[in-house]
Amino acid sequence: QVQLVESGGGLVQAGGSLRLSCAASGLSFSTYNLGWFRQAPGKDREFVAAIAWSDGRTPYADSVKGRFTISRDNAKNTVYLQMNSLKPEDTAVYYCAAGRLLVRAYGGYAYWGQGTQVTVSS
(Lines give C-alpha, C1' and ligand atoms only; values in the text may rest on other atoms or scores of the structure.)
Protein backbone atom coordinates (compact mmCIF):
# COMPACT_ATOMS: atom_id res chain seq x y z
CA GLN A 1 0.00 0.00 0.00
CA VAL A 2 1.46 3.32 -1.10
CA GLN A 3 1.39 6.17 1.40
CA LEU A 4 2.56 9.75 1.08
CA VAL A 5 2.44 11.81 4.26
CA GLU A 6 3.05 15.55 4.21
CA SER A 7 4.16 17.62 7.17
CA GLY A 8 5.57 21.05 7.92
CA GLY A 9 2.65 23.28 7.07
CA GLY A 10 1.47 26.06 9.32
CA LEU A 11 0.89 29.77 9.74
CA VAL A 12 3.65 32.17 8.77
CA GLN A 13 3.90 35.89 8.13
CA ALA A 14 4.55 37.25 4.68
CA GLY A 15 8.25 37.14 3.90
CA GLY A 16 8.79 34.11 6.10
CA SER A 17 9.82 30.56 5.28
CA LEU A 18 8.52 27.03 5.71
CA ARG A 19 9.86 23.63 4.72
CA LEU A 20 7.38 20.96 3.76
CA SER A 21 8.28 17.29 3.92
CA CYS A 22 6.61 14.30 2.32
CA ALA A 23 7.53 10.83 3.51
CA ALA A 24 6.72 7.96 1.17
CA SER A 25 6.29 4.26 1.74
CA GLY A 26 5.12 1.27 -0.26
CA LEU A 27 6.77 2.25 -3.54
CA SER A 28 10.17 2.19 -5.14
CA PHE A 29 10.78 5.79 -4.21
CA SER A 30 14.02 6.34 -6.08
CA THR A 31 12.38 5.47 -9.42
CA TYR A 32 9.43 7.87 -9.16
CA ASN A 33 9.12 11.47 -10.19
CA LEU A 34 7.80 13.57 -7.33
CA GLY A 35 5.71 16.69 -7.43
CA TRP A 36 4.20 19.35 -5.20
CA PHE A 37 0.82 20.85 -5.99
CA ARG A 38 -1.39 23.29 -4.14
CA GLN A 39 -5.05 24.14 -3.99
CA ALA A 40 -6.50 27.34 -2.61
CA PRO A 41 -10.19 27.64 -1.66
CA GLY A 42 -12.37 27.93 -4.74
CA LYS A 43 -9.47 27.32 -7.11
CA ASP A 44 -8.19 24.39 -9.12
CA ARG A 45 -5.25 22.32 -7.96
CA GLU A 46 -2.11 23.81 -9.50
CA PHE A 47 1.39 22.62 -10.13
CA VAL A 48 4.14 24.03 -7.91
CA ALA A 49 7.30 22.01 -8.56
CA ALA A 50 8.57 18.57 -9.47
CA ILE A 51 11.79 16.61 -9.36
CA ALA A 52 12.81 13.84 -11.73
CA TRP A 53 14.12 10.54 -10.47
CA SER A 54 16.46 10.00 -13.42
CA ASP A 55 18.39 13.24 -13.84
CA GLY A 56 17.21 15.53 -11.07
CA ARG A 57 15.43 18.00 -13.34
CA THR A 58 13.32 20.44 -11.33
CA PRO A 59 10.61 22.35 -13.19
CA TYR A 60 8.82 25.08 -11.24
CA ALA A 61 5.69 27.13 -11.67
CA ASP A 62 6.54 30.69 -12.66
CA SER A 63 4.79 31.97 -9.56
CA VAL A 64 7.27 30.25 -7.22
CA LYS A 65 10.47 30.22 -9.29
CA GLY A 66 13.33 31.71 -7.32
CA ARG A 67 11.48 31.41 -4.01
CA PHE A 68 10.75 27.67 -3.67
CA THR A 69 13.19 24.77 -3.92
CA ILE A 70 12.26 21.11 -4.30
CA SER A 71 14.68 18.39 -3.27
CA ARG A 72 14.62 14.70 -2.48
CA ASP A 73 16.47 12.31 -0.20
CA ASN A 74 16.17 8.82 -1.62
CA ALA A 75 17.79 7.30 1.46
CA LYS A 76 14.94 8.69 3.58
CA ASN A 77 12.18 8.24 0.97
CA THR A 78 11.36 11.89 1.46
CA VAL A 79 10.78 14.87 -0.80
CA TYR A 80 11.00 18.44 0.46
CA LEU A 81 9.72 21.83 -0.56
CA GLN A 82 11.65 24.76 0.88
CA MET A 83 9.49 27.86 0.63
CA ASN A 84 11.08 31.27 1.13
CA SER A 85 9.77 34.83 0.76
CA LEU A 86 6.24 33.57 1.24
CA LYS A 87 3.33 35.69 0.06
CA PRO A 88 -0.34 35.68 1.09
CA GLU A 89 -1.19 34.28 -2.35
CA ASP A 90 0.83 31.16 -1.47
CA THR A 91 -1.88 30.25 1.03
CA ALA A 92 -3.25 26.83 0.07
CA VAL A 93 -3.32 23.16 0.92
CA TYR A 94 -0.09 21.66 -0.39
CA TYR A 95 -0.02 18.10 -1.72
CA CYS A 96 2.86 15.87 -2.68
CA ALA A 97 2.48 13.34 -5.46
CA ALA A 98 4.41 10.51 -7.09
CA GLY A 99 4.23 9.39 -10.69
CA ARG A 100 6.05 7.89 -13.65
CA LEU A 101 5.91 11.03 -15.78
CA LEU A 102 7.59 14.36 -15.09
CA VAL A 103 4.61 16.53 -15.93
CA ARG A 104 2.83 19.61 -14.62
CA ALA A 105 -0.62 18.08 -14.95
CA TYR A 106 -1.97 16.55 -11.76
CA GLY A 107 -3.47 13.74 -13.82
CA GLY A 108 0.03 12.49 -14.48
CA TYR A 109 0.59 11.44 -10.87
CA ALA A 110 -0.70 8.15 -9.51
CA TYR A 111 -0.21 8.64 -5.78
CA TRP A 112 -1.12 11.56 -3.53
CA GLY A 113 -0.73 12.63 0.04
CA GLN A 114 -3.53 14.01 2.19
CA GLY A 115 -2.24 17.58 2.08
CA THR A 116 -0.90 20.08 4.57
CA GLN A 117 -2.24 23.60 5.11
CA VAL A 118 0.01 26.59 4.53
CA THR A 119 -1.35 29.97 5.57
CA VAL A 120 0.58 33.17 4.93
CA SER A 121 -0.64 36.26 6.74
CA SER A 122 -0.08 39.77 5.44
Side-chain angles (χ1 to χ4, degrees):
Q1 180 181 358
V2 176
Q3 283 194 315
L4 301 176
V5 180
E6 301 97 336
S7 60
L11 174 64
V12 64
Q13 289 188 330
S17 298
L18 282 175
R19 188 176 82 153
L20 305 183
S21 300
C22 174
S25 61
L27 76 169
S28 183
F29 182 84
S30 63
T31 65
Y32 273 81
N33 300 308
L34 304 166
W36 285 98
F37 289 75
R38 66 187 182 186
Q39 189 166 18
K43 294 189 176 181
D44 292 335
R45 190 169 299 190
E46 65 173 357
F47 172 79
V48 175
I51 185 165
W53 72 270
S54 57
D55 58 8
R57 279 176 293 156
T58 53
Y60 291 92
D62 288 344
S63 58
V64 307
K65 199 172 296 183
R67 299 188 297 122
F68 291 11
T69 303
I70 188 171
S71 62
R72 64 191 295 164
D73 185 338
N74 289 338
K76 295 182 178 180
N77 284 7
T78 300
V79 59
Y80 304 97
L81 186 68
Q82 178 67 44
M83 306 186 295
N84 298 329
S85 303
L86 283 161
K87 305 175 181 180
E89 52 263 43
D90 294 318
T91 295
V93 177
Y94 283 71
Y95 299 89
C96 68
R100 291 300 191 182
L101 301 175
L102 188 70
V103 295
R104 296 172 182 253
Y106 64 77
Y109 294 82
Y111 304 109
W112 291 85
Q114 82 290 347
T116 185
Q117 176 71 46
V118 171
T119 303
V120 185
S121 63
S122 57

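Within the structure, salt bridge (charged side-chain N to carboxylate O under 4.0 Å, His left out) contacts touching residues 22-39 (residues at least two apart or in different chains) are Arg38-Glu46, Arg38-Asp90.
At least one side-chain heavy atom of Leu81 sits less than 4.5 Å from a side-chain heavy atom of Val48. Side-chain contact check for Thr91 versus Val118: every heavy-atom pair is 4.5 Å or farther apart. Side-chain contact between Asn33 and Ile51 is absent, with no heavy atoms from C-beta onward closer than 4.5 Å. With contacts defined as side-chain heavy-atom distances shorter than 4.5 Å, the pair Leu27/Gln3 does not qualify. The shortest distance between side-chain heavy atoms of Arg57 and Leu102 falls below 4.5 Å. Gln117 places none of its side-chain heavy atoms less than 4.5 Å from the side chain of Tyr94.
The two residues Phe47 and Pro59 have their closest heavy-atom pair at CZ-O, 3.6 Å. Scanning all heavy atoms of the two residues, the minimum distance from Val12 to Gly16 falls at CG2-CA, 3.9 Å. Nearest approach of Ala98 to Leu34, heavy atoms of both residues: CB-CD2, 3.8 Å. Between Thr78 and Ser21, the shortest heavy-atom contact is CG2-CB, 4.3 Å.
Geometrically, Arg100 engages Tyr32 in a cation-pi contact defined by less than 6.0 Å to the ring centre and at most 45° from the axis.
Counting only distance, with no hydrogens or angles, the side chain of Ser63 and the backbone of Ala61 share no donor-acceptor pair below 3.5 Å. Using a distance-only test at 3.5 Å, with no hydrogens or angles considered, a donor-acceptor pair links the side chain of Glu6 to the main chain of Gln114.
The distance from atom CG of Asp73 to atom OG of Ser30, rounded to the nearest 0.5 Å, is 11.5 Å. Between the OH atom of Tyr60 and the CZ atom of Arg104 there is a distance of 11.0 Å, given to the nearest 0.5 Å.
Residues Tyr111 and Tyr80 do not share a hydrophobic cluster, clusters being chains of Ile/Leu/Val/Met/Phe/Trp/Tyr side chains in contact below 4.5 Å. In the hydrophobic clustering of this structure, Ile70 does not group with Tyr109; members are Ile, Leu, Val, Met, Phe, Trp, Tyr whose side-chain heavy atoms approach within less than 4.5 Å, directly or through other members. Transitive grouping of hydrophobic side chains (ILVMFWY, heavy atoms separated by less than 4.5 Å) brings Val64 and Leu20 into a common cluster.
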Under 3.5 Å, side-chain donor or acceptor atoms of residues 82-89 against the rest of the protein: list the pairs with distances, not counting sequence neighbours.
unit_1	atom_1	unit_2	atom_2	d
Gln82	NE2	Asn84	OD1	2.9
Asn84	OD1	Ser17	OG	2.9

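For Asp44, the CG atom sits in a loose shell: 12 or fewer heavy atoms of surrounding residues, nucleotides or ligands are nearer than 6.0 Å.
Between Tyr95 and Tyr106, the distance separating the two ring centers is not shorter than 6.0 angstrom. Taking the six-membered ring for Trp and the full ring otherwise, Trp112 and Phe37 have centroids separated by under 6.0 Å.
Residues passing the salt bridge (Lys or Arg N to Asp or Glu O under 4.0 Å) test with Lys65 are Asp62, sequence neighbours excluded.
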